[in-house]
Amino acid sequence: MSNYHFNAIEAKWQKYWAEHKTFQAENTSEKPKYYVLDMFPYPSGAGLHVGHPLGYIASDIYARYKRHQGFNVLHPQGYDSFGLPAEQYAIQTGQHPRKTTEENIARYREQLDKIGFSFDWSREVRTSDPHYYKWTQWIFMQLFDSWYDKASDKARAISELITIFSEEGSGQVKAACDTTVRKFTAQEWNSFSEAIQQKELLKYRLTYLAETEVNWCPELGTVLANDEIVNGVSERGGYPVVRKRMKQWSMRITAYAQRLLDGLESIDWPQPLKDAQTNWIGRSKGASVIFKVKDHNENIEVFTTRPDTIYGVSFMTLAPEHELVPRITSEAQKQAVQDYIEATSKRSERERMADVKTISGVFTGAYVTHPFSGEDIPVWIGDYVLAGYGTGAVMSVPCGDQRDYDFATHFGIPIPNIFKDVDISEEAFSDKENTILTNSDFLNDLSYAEATQRVIEALEKKGAGEGKINYRLRDAVFSRQRYWGEPFPVYYKNGLPQLIDEKHLPLTLPEVEKYLPTEDGEPPLGRAEVWAWDENAGAVVSNDRIDHKTVFPLELNTMPGWAGSSCYMFRYMDPRNDDALASQEAMDYWKCVDLYVGGSEHATGHLLYSRFWVKFLYDRGVLPVQEPFKKLINQGMILGESAYVYRIEGENTFISKGKYSGEKIQPIHADVSFVNLQNELDIEAFKAWRPEFSDADFITEEDGAFKVSREVEKMSKSKYNVVNPDDICAQYGADTLRMYEMFLGPLEQAKPWNTAGITGVHGFLKKLWKLYHSAAGDTFYVSDEQASKESLKTLHKTIKKVQEDIENFSFNTSVSTFMIAVNELTAQQCTSREILEPILGLISPYAPHIAEELWQRLGHGKSISTAPFPTFEASYLVESTKEYPISFNGKMRFTLELPLDLSKDAIEAAVMSHEKTAHYLEGRSPKKVIVVPGKIVNIVG
RNA sequence: GCUCAAGUGGCGGAAUUGGUAGACGCGCUGGAUUCAAAAUCCAGUUCUUUCGGGAGUGUGGGUUCGAUUCCCACCUUGAGUACCA
């Protein structure tokens with residue numbers, strides 16, 4: 001009988017830690033600081049499943065380890081509490097999303113507390129809390145008040161831009177801005193009306209309002225960012241997405257493309273994640289080329305990575321949405337072009353993606369002039385050209401690009417060959433490393449690199465283009481047509497956006513009766529009765545009083561989910577500060593997150609936006625760092641093992657997996673709680689689950705069991721494969737859950753949840769308990785005798801291994817190490833205090849409750865979390881002799897035990913003079929003896 | 001298509017400046033204890049074998065005295081991205 005009463009122990013210490021504020025971090029300390037952060041959760045209605053805590057356990061182990069090592073550790077937790085599910089629920093039930101969110105948070109907190117995390121809850125933040133989103137709104141205002149100066153490569157105040165405009169005009173300004181900016185002198189600027197000036201400034205601001213092509217999801221009634229779309233459908237719900245032009249707030253993240261790329265080199269992140277960001281930013285080097293449209297006063301600018309192939313251009317292709325299309329289309333082609341554009345715009349994003357094989361396009365009737373040869377080049381429209389990339393127009397070189405080649409072949413456009421000794425009769429030749437140009441005038445006989453340089457020089461001389469770097473990264477759409485998000489601190493005066501005064505922040509969400517869009521298609525905030533801005537009173541006033549003189553309409557959109565999560569890591573540093581995002585002292589002390597743990601699915605969303613905002617706030621002097629997360633670890637997802645039962649189609653009969661022989665069946669999810677480890681279904685429970693199953697028939701195996709088939713899938717409520725950590729805690733305890741989740745496999749790897757092995761880990765904790773308790777009762781026993789040499793060796797090798805494991809985030813292997821240690825100590829009958837104390841220090845990060853209990857039983861007054869991490873001494877690990885495996889020609893034959901202090905030569909001599917060696921050599925003389933110090937001896941015969 | 005990651009027993013997985021492959025756990029087999037079960041403890045468990053050994057880390061090559069580890073090609077799986085000019 002084990003007396004390891006984990007439930008009582010865990011409840012006791014969780015209460016103790018909370019009451020003694022054991023894990024509260026101070027903003028000043030003699031100790032060095034360490035900041036460990038988890039990606040904060042969205043509190044969903046389904047509660048936590050066993051997959052959620054995986055990363056939290058890993059970061060908690062590391063945080064506790066760092067505390068043992070004498071660091072002042074900041075390890076906070078909070079909630080990303082704005083979001084769509086609470087709003088969807090509100091639409092269905094009318095319950096305020098705030099209420100739903102609060103209930104979910106309470107449940108999350110209860111579940112998290114049971115696992116024994118060392119979070120400093122006094123610093124909790126919630127993105128939907130007005131005290132928090134005040135600062136989200138404040139950051140938005142800073143972005144609105146800034147522009148990006150390419151000359152100094154940083155964001156600057158918009159007031160400085162106004163000074164430049166009014167003193168020098170726009171001539172010298174190099175900014176990241178809209179392509180539609182005007183050129184003007186200082187005089188002209190000063191003569192502009194206020195409205196025109198504001199309109200012009202909007203083109204420079206880092207957050208700006210613009211008519212843009214967005215991803216509209218009609219089902220959700222909102223726009224989505226690129227990273228919120230998966231395979232052409234919405235990430236949440238899987239609804240279709242279409243392209244639509246709308247006036248939206250955007251973030252000028254493209255201004256930071258190069259710095260976001262460069263910054264990756266300075267941070268310790270997993271390479272796959274860095275690669276994902278690199279690909280998403282998509283830097284490509286090439287040239288922009290300007291083609292003059294014949295008989296029109298228009299230019300078509302294209303971006304190309306192959307300016308060297310300029311003599312291979314045989315047509316131009318514009319995206320159907322290209323703005324020049326209506327202006328240059330000839331009278332004869334007008335109808336055809338119109339029909340084509342209409343046909344393509346009807347296709348959804350998904351259709352277009354699925355159907356990349358079909359070649360379609362139409363001739364505009366217009367021609368451009370080749371910048372060097374002066375030849376006429378026909379201008380086509382094709383939907384293989386994307387409006388959103390480059391300039392939405394390409395110079396088509398069919399001999400060097402397969403898509404151009406296919407297009408040309410399809411429409412019978414000539415394919416001139418400009419590659420020497422290359423056959424292009426079957427396909428395009430796109431290898432740029434092995435090209436020699438021909439039929440290319442001044443580029444003949446040049447390679448890709450040489451020709452590219454020459455063309456760019458020539459283009460720049462002519463004013464027909466320039467060398468250019470293009471990025472795939474798009475500005476991020478920042479408006480959402482939702483209720484449950486941060487309101488913009490913006491009102492509209494004469495149709496132009498104005499910021500409310502900072503002293504009025506936060507601008508809190510108004511109450512609405514329904515959470516749906518209004519009848520005339522406005523976002524839900526349009527339903528608010530009190531949602532207008534009085535410039536004099538500086539308050540939100542009734543909607544009816546909007547007079548457009550002193551009372552103005554407020555912005556009706558809200559901010560997207562990533563707004564609240566982009567800077568939360570700084571808010572934890574000083575979460576109750578109402579005067580600043582965080583005090584300067586707090587930010588200077590904590591600086592940035594030292595270790596960030598979370599899923600890789602945020603690679604091109606949160607992690608990119610967050611880096612962007614931090615760089616921006618650094619530029620504006622708000623933050624002391626340029627990168628928020630110094631080191632990042634991606635925990636892998638824990639998957640569920642779904643259970644399927646087979647129902648014979650058209651009948652209410654279920655057939656066991658072993659009895660299935662090709663009948664037409666329909667697999668149905670059964671709740672995994674009805675299935676045991678042998679994959680046998682509890683038929684009675686299943687029948688009681690759903691009324692339609694209550695009178696079903698079951699074809700079972702011979703022994704009467706009904707077998708289900710299992711499949712590894714994402715853990716989700718709808719798949720009935722969710723395992724609740726509460727159940728595991730109740731049955732085995734939080735310490736077992738923590739250690740088992742680590743034991744499942746490498747942290748970064750995705751792995752299915754399977755309780756099969758949990759008894760092994762649980763058994764280890766019982767063994768540890770038993771080692772220090774009398775066989776009969778609950779009496780704690782520890783001896784004060786000196787530990788044996790053997791036990792000291794066990795202890796010190798364990799310290800060494802566990803420390804290495806923690807620092808390498810190989811938490812799975814240290815669980816094994818603990819098991820070995822306890823098995824050895826049990827065999828040695830070691831109950832020495834000298835061994836137990838340091839062992840507890842090692843185990844405490846993994847299994848804090850049992851470690852704390854035994855620690856206190858040893859008579860300590862303070863929590864074990866304040867104890868120093870034990871250090872190992874190499875001298876305990878050293879032995880006086882060592883076994884040397886001897887191999888012949890690489891094959892192991894026997895081992896020799898030799899003194900430890902022998903030199904390389906002495907080992908060689910000892911090996912060669914040994915009788916066993918002589919036996920294997922059988923009279924041959926060895927060519928070579930290889931001694932690898934301390935490891936192995938190899939004789940090559 | 002492109003980019004990245006990973007392929008080791010019945011299973012999860014150990015082992016990297018190249019040095020006795022399969023640690024640890026699960027499962028399985030046998031034993032002890034028990035009236036019995038649970039729990040616990042002990043032993044065994046890569047495959048093969050004529051019991052000497054032989055083969056073996058996705059496949060085929062290469063480097064090396066020696067390769068799970070390094071190099072090349074290929075296959076498979078997973079993830080991301082996708083008409084990016």
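Lettering follows sequence order; numbering is per chain, from 1. Computed from a predicted structure; not experimentally measured.
- For N823(A), a side-chain nitrogen or oxygen approaches OP1 or OP2 of G25(B) to under 4.0 Å.
- Checked options V822(A), L825(A), T794(A), L771(A); the residue passing with C830(A) is L825(A) (criterion: side chain to side chain contact (heavy atoms under 4.5 Å, CB included)).
- Nearest to the side chain of A756(A), among A85(B), C26(B), A23(B), sits C26(B).
- The aromatic rings of F818(A) and F764(A) lie parallel to each other, their planes meeting at an angle below 30°, with 60° marking the opposite boundary.
- Look at the C1' atom in both G60(B) and U76(B): the space between them is 15 Å, to the nearest Å.
- In this structure, G9(B) is classed as syn because its glycosidic torsion stays within 90° of zero.
- Rounded to the nearest Å, the gap between the P atom of C71(B) and that of A6(B) is 12 Å.
- When the C1' atom is compared between U16(B) and U3(B), the two are found 25 Å apart, to the nearest whole Å.
- In this structure, K751(A) atom NZ and G25(B) atom P are separated by 20 Å, rounded to whole Å.
- Of the P atoms belonging to G22(B) and A32(B), the separation is 31 Å, rounded to the nearest Å.
- In textbook terms, a nucleotide whose glycosidic angle is within 90° of 0 is syn, and G52(B) is one such case.
- Annotation: of the two residues near RNA chain B, R403(A) and K801(A), the 5′-most nearest-nucleotide partner is K801(A).
- Taking atom P in both C11(B) and U59(B), one finds a spacing of 15 Å when rounded to whole Å.
- Positionally, the nearest nucleotide of RNA chain B for S810(A) lies more toward the 5' end than for the other of S810(A) and A276(A).
- Within the shown strands, G31(B) is the pairing partner of C41(B) under the Watson-Crick or G-U definition, both distances less than 3.5 Å.
- Rounded to a whole Å, the OH atom of Y384(A) is 17 Å from the C1' atom of G1(B).
- Base pairing of G18(B): no nucleotide in any strand meets the Watson-Crick or G-U wobble criterion (both distances under 3.5 Å).
- In this structure, CH2 of W753(A) is placed 21 Å from P of C11(B), rounded to the nearest angstrom.
- Using a 4.0 Å heavy-atom criterion, one finds that P746(A) contacts the sugar-phosphate atoms exclusively.
- The CG atom of L771(A) sits 15 Å away from the C1' atom of C41(B) (whole-angstrom rounding).
- Minimum atom distance to the side chain of S816(A) is reached by A23(B), of the listed G12(B), A23(B), U81(B).
- The gap from the P atom of C70(B) to that of A14(B) amounts to 16 Å, rounded to the nearest Å.
- For the pair E680(A) and K657(A), the salt-bridge criterion is not met [side-chain N within less than 4.0 Å of a carboxylate O].
- Checked against C24(B), A14(B), A85(B), the side chain of T813(A) finds its nearest nucleotide in A14(B).
- For the side-chain hydrogen bond (donor to acceptor under 3.5 Å, both in side chains) with Y384(A), the qualifying choice from D404(A), D406(A), T358(A) is D404(A), the only one to do so.
- Atom CE in M395(A) sits about 15 Å away from atom P in C84(B), given to the nearest Å.
- Across every strand in view, A73(B) sits in a pair with U59(B) that passes the Watson-Crick or G-U test at under 3.5 angstrom.
- Rounded to whole Å, the separation between the P atoms of G61(B) and G80(B) comes to 36 Å.
- Comparing A82(B), U40(B), A85(B) against the side chain of K770(A) picks out U40(B) as the nearest.
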| Where protein sits on nucleotides 4-10 of chain B, one letter per nucleotide: B base, S sugar-phosphate only, - none, heavy atoms under 4.0 Å | S------
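- In this structure, I300(A) and L324(A) have side chains that are in contact, with non-hydrogen atoms separated by less than 4.5 Å.
- Listed by first and then second residue, the salt bridge (charged side-chain N to carboxylate O under 4.0 Å, His left out) pairs involving residues 386-395 of chain A amount to none (not counting sequence neighbours).
- Here C24(B) sits opposite G12(B) as a Watson-Crick or G-U wobble pair (both hydrogen-bonding atom distances under 3.5 Å).
- Distance H762(A) NE2 to A39(B) C1': 11 Å, rounded to the nearest Å.
- G1(B): Watson-Crick or G-U partner is U81(B), with both key distances under 3.5 Å.
- R611(A) forms a cation-pi arrangement with W269(A), by the criterion of a distance under 6.0 Å to the ring centre and an angle within 45° of the ring axis.
- For the pair N279(A) CG and U3(B) P, the computed distance is 9 Å after rounding to whole Å.
- Here the C1' atom of nucleotide C24(B) and the NZ atom of K767(A) are 11 Å apart, to the nearest Å.
- For the P atom pair drawn from G10(B) and U46(B), the interatomic distance equals 10 Å after rounding to whole Å.
- Between F315(A) and F407(A), the ring-plane angle classifies as parallel under the 30° and 60° cut-offs.
- The pairing partner recorded for U68(B) is none, the criterion being a Watson-Crick or G-U wobble arrangement whose two distances lie under 3.5 angstrom.
- For the OP1/OP2 pair of A14(B) and a distance below 4.0 Å, the side-chain nitrogens and oxygens of N812(A) include at least one atom meeting the criterion.
- Using the six-membered ring where Trp is involved, W562(A) and Y609(A) have ring planes that are parallel, under 30° apart on the 30 and 60° scheme.
- For the pair R474(A) and C84(B), the criterion of a side-chain N or O lying under 4.0 Å from OP1 or OP2 is not met.
- For the ring pair (Phe, Tyr, Trp, His ring centres under 6.0 Å) criterion with Y740(A), the lone passing option out of Y846(A), W753(A), F811(A) is W753(A).
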